[in-house]
Amino acid sequence: DSSFKTGDDESAYILYWKFCELCKVVLKRPDFKKDEKYYNGMFKIKNNYVRALDNLGTLEQRLTSAYELKARPKHQPSTPKADPGTPKSSRNGTIKPVINNNHEIETGGGRK
């Protein structure tokens, strides 16, 4: 529960998964079936198992969302748009062609 409460989702998921696997084994054991009331009273296995399964579902959704977000390509920072009358790119100093109002291509050296 401490990993779940502190936000360490990966560790919490692994621990809850292991706990659920252990509960499945215990619930199938003949000695558990023989004295189910004792074990449920002492360890609350069924209640804890259900709670762990609920937490696993919550963690699965959070982890899936987090991993999908990490898998997306990072948004590249937008370069500031240069004034259309300025042929030089402010980013790397290279000459950038500009189309003027007469639909002619201009570069920093003049018209073409």
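Residues: numbered from 1 along the sequence shown.
- Distance check, rounded to the nearest 0.5 Å: CG of D35 to NZ of K37 gives 9.5 Å.
- In this structure Y49 satisfies the ring pair (Phe, Tyr, Trp, His ring centres under 6.0 Å) test with no other residue, sequence neighbours excluded.
- Residue L63 is grouped with residue L56 when hydrophobic side chains (ILVMFWY) are merged at heavy-atom distances under 4.5 angstrom, including chains of intermediate members.
- A distance of 9.0 Å separates OH in Y39 from CE in M42, rounded to the nearest 0.5 Å.
- Note: the hydrophobic cluster containing V50 does not contain L15 (ILVMFWY, side chain heavy atoms under 4.5 Å, direct or indirect links).
- The shortest side-chain heavy-atom distance between F19 and R51 does not fall under the 4.5 Å cut-off.
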Identify every side-chain donor-acceptor pair in residues 21-34 under 3.5 Å, counting partners at least two apart or on other chains, and give the distances.
from	atom 1	to	atom 2	distance (Å)
E21	OE2	K24	NZ	2.9

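- With sequence neighbours left out, the side chain to side chain contact (heavy atoms under 4.5 Å, CB included) criterion links T64 to E60, E68.
- N40 and I45 make their closest contact through OD1-N, 3.8 Å (heavy atoms, listed as atom of the first residue, atom of the second, distance).
- With hydrogens and angles disregarded, a donor-acceptor distance shorter than 3.5 Å links the side chain of N48 to the backbone of F43.
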